[in-house]
Amino acid sequence: MSSDLITRFHYHNTKSTKGFTTRYRPWIVIHVEFFKSKKEAMLREKELKTGKGRDWIKQFLLPHHII
């Protein structure tokens, strides 16, 4: 979740020095969702990190964006 997607991806792709972020560079945007509140966005992010959410990502997003 981020209110400034451009800055967040710039940081992930250039400024991070360790961890998960650096191992899978370059990060690209393949899907964006917008919400009226931070609470709604956080709930959706939490849902996507569950097994059901990861299955949804694999079924509906990744097949269209495999490079």
Side-chain angles (χ1 to χ4, degrees):
M1 185 192 78
S2 177
S3 60
D4 187 352
L5 191 62
I6 302 300
T7 301
R8 183 171 180 134
F9 272 77
H10 175 70
Y11 179 81
H12 281 326
N13 285 325
T14 61
K15 299 190 185 264
S16 294
T17 58
K18 61 181 178 178
F20 183 84
T21 300
T22 59
R23 282 183 286 197
Y24 297 98
R25 285 182 180 159
W27 289 92
I28 60 171
V29 178
I30 63 168
H31 180 74
V32 177
E33 295 180 22
F34 297 95
F35 297 90
K36 292 182 180 182
S37 71
K38 185 175 180 178
K39 183 178 179 180
E40 289 177 300
M42 290 174 72
L43 288 171
R44 177 63 172 155
E45 182 177 15
K46 189 173 183 177
E47 177 186 6
L48 289 172
K49 290 181 177 180
T50 66
K52 184 177 177 182
R54 292 179 193 273
D55 288 344
W56 181 84
I57 291 168
K58 289 175 187 172
Q59 184 177 1
F60 294 106
L61 293 183
L62 292 182
H64 304 289
H65 297 284
I66 301 292
I67 298 174

Trainee: Of the non-hydrogen atoms in I30 and L62, which two are nearest, and what is the gap between them?
Mentor: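 Closest approach of I30 to L62, heavy atoms only: CD1-CD2, 4.0 Å.
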
Trainee: Parallel, tilted or perpendicular, judged at 30° and 60°: which one describes the rings of Y24 and F20?
Mentor: tilted

Trainee: Give the minimum heavy-atom separation between H10 and K15, together with the two atoms involved.
Mentor: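 Reported closest heavy-atom pair: NE2-CE, 3.6 Å.
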
Trainee: I'd like to check the side chain to side chain contact (heavy atoms under 4.5 Å, CB included) partners of S2; sequence neighbours left out, ordered by chain and number.
Mentor: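 Partners of S2 under the side chain to side chain contact (heavy atoms under 4.5 Å, CB included) test: D4, R8.
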
Trainee: Tell me, please, which residues at least two apart from E45 pass salt bridge (charged side-chain N to carboxylate O under 4.0 Å, His left out).
Mentor: K49

Trainee: Enumerate the residue pairs fulfilling side-chain hydrogen bond (donor to acceptor under 3.5 Å, both in side chains) with a member in residues 27-37, sequence neighbours excluded, ordered by first and then second residue.
Mentor: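 Listed once each, the pairs are H31-E33, E33-R44, S37-E40.
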
Trainee: How close do L48 and I57 get, heavy atom to heavy atom, and via which atoms?
Mentor: O-CD1, 4.0 Å

Trainee: Should L61 and F34 be counted in the same cluster of Ile, Leu, Val, Met, Phe, Trp and Tyr side chains packed under 4.5 Å apart?
Mentor: no

Trainee: Is there a path of hydrophobic side-chain contacts, each under 4.5 Å between heavy atoms, that joins V32 and I28?
Mentor: no

